[in-house]
Amino acid sequence: MTNRPPPRCFQDVILTLQNYWAEQGCAILQPYDEQVGAGTLHPATTLRALGPKPWRAAYVQPSRRPKDGRYGENPNRLQHYYQFQVILKPNPPDLQQLYLNSLVRIGIDPLLHDIRFVEDDWENPTVGAWGLGWEVWCDGMEVSQYTYFQQVGGLDVRPVSGELTYGLERLAMYVFGVDRVYDLPFNDPDSPYPLSYGDVFLENEKQQSRFNFDLSDSEMVLRWFGDAETQAKRLLDAKCVLPAFDYTLKASHLFNLLDARGVVSPTERQSFIARVRDLAKGCAQQWAESQS
Amino acid sequence: MPQLFIELFSEEIPARMQKRAEDDLARMLREKLNARGLAFAQLQTFSTPRRLGLCIEDCPDKAADVNEERKGPRVGAPEQAIQGFLKSAGLASIDQAEVVEDKKGAFYVARIERAGRATPEIVQEVLPEIIRSFPWPKSMRSGESDLQWVRPLHNICCTFDKRPVKIDVAGVPSEAKTWGHRFHDPAPIAVTSFEKWDSDLRSAKVVPFRADRRSYIEGCIEDECASRGLEWVRDEGLLEEVVGLVEWPRVIFGDMDPAFLDLPGEVIRLSMRTHQKYFAVRDPKTGKLAPHFIAVANVDAKDGGRAIAAGNARVLSARLNDARFFWDTDKKTPLFTEERKAKLEKIVFHQKLGSVWDKVERVKALAVELCDVTGADRALVERAAELCKMDLVTETVGEFPELQGQVGRQLYLAELASPSPLAGEGGVGGASGASSAKRAAVTPTPNPAPQGGGESIAAAIEDHYRPLGPNDRVPEDKVAVTLSLADKLDTLVGLWIIAGEKPTGSSDAFGLRRAALGSVRTILSNAVRVEMARAIDKALDQFDRTEGNLIAAGVNALSDVQEFFADRLKVQLRDQGKRHDLVDAVFALGDDDLVRIVARVEALDAFLKTEDGANLLAGYKRAANILAAEEKKGKGLSEADLASPIDAKLLGEPAEKALHEALEKALPAARAAVEKEEFGQAMKALAGLRSPVDAFFDKVLVNAPEEQVRRNRLLLLSRFREALSAVADFSKIEG
């Protein structure tokens with residue numbers, strides 16, 4: 001392994017992971033330009049996990065979880081944060097070791113820290129997907145999700161993909177010993193203009209939280225949800241699956257916005273999730289057909 | 001004899017599945033080897049997060065030889081039958097079979113002598129079968145393989161008599177190798193024998209046996225605590241889980257910010273347990289949590305574990321900060337708020353039974369009705385009912401659902417102990433019963449806490465869910481007992497009768513069995529004198545009975561539910577070792593007061609253990625047999641006979657006179673005692689019948705020649721039978 005200095009700031013962690021996974025033959029993609037709740041929803045993972053063709057990709061994906069916003073007041077919770085996502089299809093037999101090597105590269109010494117694989121079955125009902133794997137713990141802290149996909153869009157995946165999701169802020173906070181996310185060094189602390197995570201994102205957290213919880217117009221969002229759903233259905237009918245998937249993602253995010261406003265009753269909740277799942281399943285099926 | 005060793009080396013097996021997997025592997029292998037003629041005694045299993053396997057010492061090196069005679073078709077049978085026989089018996093031609101004669105003629109017999117197969121060959125056959133059909137609770141495929149295993153399987157190591165045995169399953173490598181600790185000693189290690197495998201692994205920092213890891217962890221924790229004058233909060237489930245998370249356990253004693261100790265202990269303990277898998281530590285003098293935690297790591301860290309302890313402490317702080325945020329948010333308002341109520345109105349309890357708040361209203365009304373039998377204060381019960389589900393919509397319960405009830409209790413106590421922010425009395429310290437009642441009076445709640453009942457209400461909020469299982473405690477406070485019964489009755493009656501969610505033998509999605517058994521235990525342990533039929537009827541009253549709301553089987557359902565309770569009581573009594581026939585004998589009386597039923601069973605049980613009781617039972621059987629025999633002959637007692645008194649003039653023999661006199665005394669005495677529910681006394685009164693009955697059967701001929709005398713004697717026996725029926729249906733008793 002090449003001897004590189006360990007990362008010193010948030011963006012170093014990203015760059016280190018990108019370089020590392022590029023070395024493992026991954027295509028380094030860029031974030032998807034739709035609002036999504038998790039890096040898994042990037043078509044590079046959700047759709048590419050389907051069908052027989054091999055695939056290796058890694059990318060950063062901003063994740064939007066409107067409900068998790070705390071107006072910038074909580075040291076750990078954000079409504080917008082970054083995930084680093086890796087997908088390898090089929091999963092190589094030594095994927096665990098590849099993953100552990102990536103932690104070493106970030107600066108986590110497994111003989112100094114306690115790294116554990118703790119059962120965690122991953123499930124995303126809105127896209128009809130599930131897999132088995134673990135939360136990876138470092139000294140009791142969850143630093144990654146590690147999943148072997150079994151189904152996507154209600155379809156068995158063959159071959160199986162290995163999916164790794166690093167929670168970047170949390171990982172960086174741990175590596176740099178920072179207790180408040182906004183205190184993370186974002187760029188090189190020795191640069192002429194050092195920036196913290198808070199410099200970049202604190203205002204965004206405050207304003208987006210206001211929007212998510214207080215200002216978003218639920219009637220409008222509800223209408224958009226219906227429109228996005230209709231659009232996605234039309235596109236599916238026209239066998240135009242990638243745009244259909246975009247509108248499925250929109251519907252999913254709009255539902256999250258409604259949920260954050262607390263206007264979704266538990267019964268309605270199930271029906272919203274089912275509506276998004278139907279769209280996602282349709283996309284998955286069409287994509288899988290196009291691949292085989 | 002040789003040794004068979006198997007190790008399945010994989011990625012991390014979920015902790016909760018390991019022990020079961022050891023048992024399943026042992027069972028399946030034993031069955032399959034035995035079925036193929038391999039018998040053995042000792043089998044030892046092991047599991048760690050990365051391995052599952054076993055060793056059989058003294059495994060025969062081949063299966064027992066088979067000597068079998070197989071009868072074939074008649075000589076001259078159609079060719080098809082002959083060929084089928086040859087095939088099934090493994091013969092090349094019919095010349096190899098013998099011809100045997102019997103009465104029906106000549107037929108073929110094959111004598112099959114098969115040398116037992118070598119053990120490795122058998123293992124190569126059965127182990128793939130086991131792996132392919134292994135009952136993991138959840139399994140997965142990986143890469144391009146079709147094999148289903150709990151997580152990717154990397155190697156199947158199998159040796160027999162120190163020689164490797166290759167196992168062929170879906171291309172999984174099968175080498176006589178193992179691997180040590182993932183980080184300390186990852187190089188492969190050659191495997192020859194079980195003993196060497198064990199010692200090699202220990203030098204490679206893996207403790208392969210659960211029991212060893214467990215006792216090591218326990219010992220370390222106890223030492224760490226003892227040296228600080230503390231004790232750990234033992235948690236068997238967590239210990240078992242931790243044992244399954246490490247191959248090389250290292251106990252880390254960490255510090256927690258003492259400022260968190262003002263959170264409820266349960267919140268701290270659960271944060272540690274569910275999210276972090278830490279053990280909590282307490283001060284044995286005060287019984288309160290101490291500002292420390294115990295984690296079990298899987299590595300001998302270079303710095304002695306300092307970084308791990310510090311890291312874990314930071315993670316815990318972040319968790320507890322979250323918990324504190326939730327707790328502080330929840331504490332800002334009294335437990336009852338209109339906002340929380342509105343949320344409960346939105347949560348569906350069951351589609352046909354309305355919202356959680358609808359349930360609260362029903363439970364409240366029912367609980368008030370039950371106050372007559374529980375003796376609880378109505379006002380307290382009403383208040384407790386309104387409060388009992390409030391915590392379901394608190395932030396803390398949202399985060400820790402298993403704390404439902406406990407959070408409500410703590411919030412209510414906090415509300416009583418501190419000035420309510422909504423009461424406009426900020427700054428007033430202290431909390432006497434009177435002042436808290438006064439404060440509660442100005443909070444915007446529909447029913448203020450009656451003076452001095454705070455503790456009862458608090459207990460009811462927490463305990464109305466109890467008992468949560470067979471080992472959980474039952475509520476004791478009268479208000480809690482009332483609310484718990486009302487809540488469970490409402491659940492049972494609502495789901496069963498109104499919603500039609502009747503439990504079946506295999507499924508009980510709503511936990512109705514648990515609710516019924518919990519009610520039975522609560523009723524008995526608090527001696528609540530309630531007639532179940534009435535209670536069930538009252539529970540049903542809280543629903544709309546008119547609008548065709550009852551399911552089709554409505555009428556029967558009511559008695560079904562009652563029987564369901566009776567069945568739970570029977571199970572409970574049987575579990576306590578009470579004879580089922582005694583239980584049946586008491587139930588046959590049709591009583592539905594559970595406390596009285598148990599008292600009867602207990603008195604009966606004690607009575608039948610005495611000599612008098614046993615003899616009286618024998619006498620009862622004899623009397624009943626005679627009466628039944630006469631009836632069968634058509635010479636039994638008529639209705640009119642049964643209604644008429646015994647004719648004293650017809651009593652000639654001293655023994656029958658004596659029995660008559662004894663009955664005259666015993667029957668009213670027994671009835672009176674039963675009336676007073678002094679079942680022991682009733683039995684004692686009946687015991688007095690023993691010698692007159694024995695003497696009667698000894699000296700008196702029932703079938704007297706004179707019809708009148710005969711009938712009079714039958715009547716005497718019938719009265720005797722009736723006397724015993726006052727306490728139980730003796731015909732149900734065996735013996």
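Note that the structure is a prediction, hence the values are computed from the model and not measured. Per chain, numbering begins at 1; letters A, B, ... match sequence-line order.
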**OP:** Enumerate by number any residue of residues 240-254 of chain B whose heavy atoms lie under 4.5 Å from heavy atoms of chain A; in the absence of such residues, state 'none'.
**Re:** B:Leu245, B:Val246
Original post:
Is chain B contacted by the side chain of A:Pro110, its backbone, both, or neither, given a heavy-atom distance below 4.5 Å?
Top reply: both
Original post:
Below 4.0 angstrom, N of the basic side chain to O of the carboxylate: do A:Arg261 and A:Asp214 qualify?
Top reply: no
Subject >> Closest-packed option against chain A by number of heavy-atom pairs under 4.5 Å, given B:Val315, B:Ile308, B:Asp303 >> reply: B:Ile308
Original post:
Centroid-to-centroid, A:Tyr146 to A:Tyr148, below 6.0 Å?
Top reply: yes
**OP:** Among B:Arg16, B:His275, B:Glu144, B:Met140, single out the residue with the greatest number of heavy-atom pairs under 4.5 Å to chain A.
**Re:** B:Met140
Original post:
When you check the side-chain N and O atoms of A:Thr165 and A:Gln85, is any donor under 3.5 Å from an acceptor?
Top reply: yes
Subject >> Residues A:Asp179, B:Arg314: salt bridge by 4.0 Å N-O rule >> reply: yes
**OP:** Please round to the nearest 0.5 Å and tell me the distance separating atom CG of B:Asp328 and atom CZ of B:Arg324.
**Re:** 6.0 Å
Subject >> Under 4.5 Å from a heavy atom of chain B, the part of A:Phe149 involved >> reply: neither
Original post:
Pick from B:Arg182, B:Lys277, B:Lys138: which one has the most heavy-atom pairs with chain A under 4.5 Å?
Top reply: B:Arg182
Subject >> Pair A:Tyr71 + A:Phe213: ring centers closer than 6.0 Å >> reply: yes
Subject >> Atom CZ of A:Arg180 with >12 non-hydrogen neighbours under 6.0 angstrom >> reply: yes
Subject >> Greatest number of heavy atom pairs closer than 4.5 Å to chain A - which of B:Ser317, B:Ala307, B:Ala310 >> reply: B:Ala307
**OP:** Tell me whether the centres of the aromatic rings in A:Phe225 and A:Phe255 are closer together than 6.0 Å.
**Re:** no
Original post:
B:Ala295 versus chain A, heavy atoms under 4.5 Å apart: side chain, backbone, both or neither?
Top reply: neither
Original post:
Parallel under 30°, tilted from 30 to 60°, perpendicular over 60°: which one fits the rings of A:Tyr197 and A:Phe201?
Top reply: tilted
**OP:** Compare all side-chain heavy atoms of B:Gln18 with those of B:Leu52 and state whether any distance is below 4.5 angstrom.
**Re:** no
Subject >> Engaged part of B:Arg151 at the chain A interface, taking heavy atoms whose separation is under 4.5 Å >> reply: side chain
Original post:
When heavy-atom pairs shorter than 4.5 Å are enumerated against chain A, which of B:Asp300, B:Val150, B:Asp322 gives the highest number?
Top reply: B:Asp322
Subject >> Greatest number of heavy atom pairs closer than 4.5 Å to chain B - which of A:Leu100, A:Leu95, A:Val118 >> reply: A:Leu100
Subject >> 4.5 Å side-chain heavy-atom contact, A:Pro66 and A:Leu257 >> reply: yes
**OP:** Could you tell me whether B:Trp149 and B:Trp136 have their ring centroids closer than 6.0 angstrom?
**Re:** yes
Subject >> Residues from residues 132-142 of chain A approaching chain B under 4.5 Å (heavy atoms) >> reply: A:Leu132, A:Gly133, A:Trp134, A:Trp137, A:Asp139, A:Gly140, A:Met141
Subject >> Contact winner vs chain A - B:Asn321, B:Val296, B:Ile13, B:Leu316, heavy-atom pairs under 4.5 Å >> reply: B:Val296
Subject >> Any side-chain heavy-atom pair of B:His350 and B:Phe510 under 4.5 Å >> reply: yes
**OP:** For each of A:Pro92, A:Gly131, A:Pro75, A:Pro93, tally heavy-atom pairs with chain B at distances under 4.5 Å, and name the one with the top tally.
**Re:** A:Pro93
Original post:
Are A:Asp68 and A:Arg70 close enough for a salt bridge, meaning some N to O gap below 4.0 Å?
Top reply: no
Original post:
Using a distance-only test with no angle check, is there a side-chain donor-acceptor pair under 3.5 angstrom linking A:Gln83 and A:Gln145?
Top reply: no
Subject >> Region of B:Ser145 in contact with chain A, defined by heavy-atom distances below 4.5 Å >> reply: neither
**OP:** With salt bridge (charged side-chain N to carboxylate O under 4.0 Å, His left out) as the test, would you mind laying out the steps for B:Lys332 and B:Glu395 before giving the verdict?
**Re:** CA-CA 12 Å; B:Lys332 278 181 197 154; B:Glu395 302 279 336; over 6 Å; no
**OP:** Pick one of side chain, backbone, both or neither for B:His154, based on which atoms fall under 4.5 Å of a heavy atom in chain A.
**Re:** side chain
Subject >> Side-chain heavy atoms of A:Leu164 within contact of A:Tyr166, under 4.5 Å >> reply: yes
Original post:
Quick one: what part of A:Asn91 sits under 4.5 Å from any heavy atom of chain B, side chain, backbone, both or neither?
Top reply: both
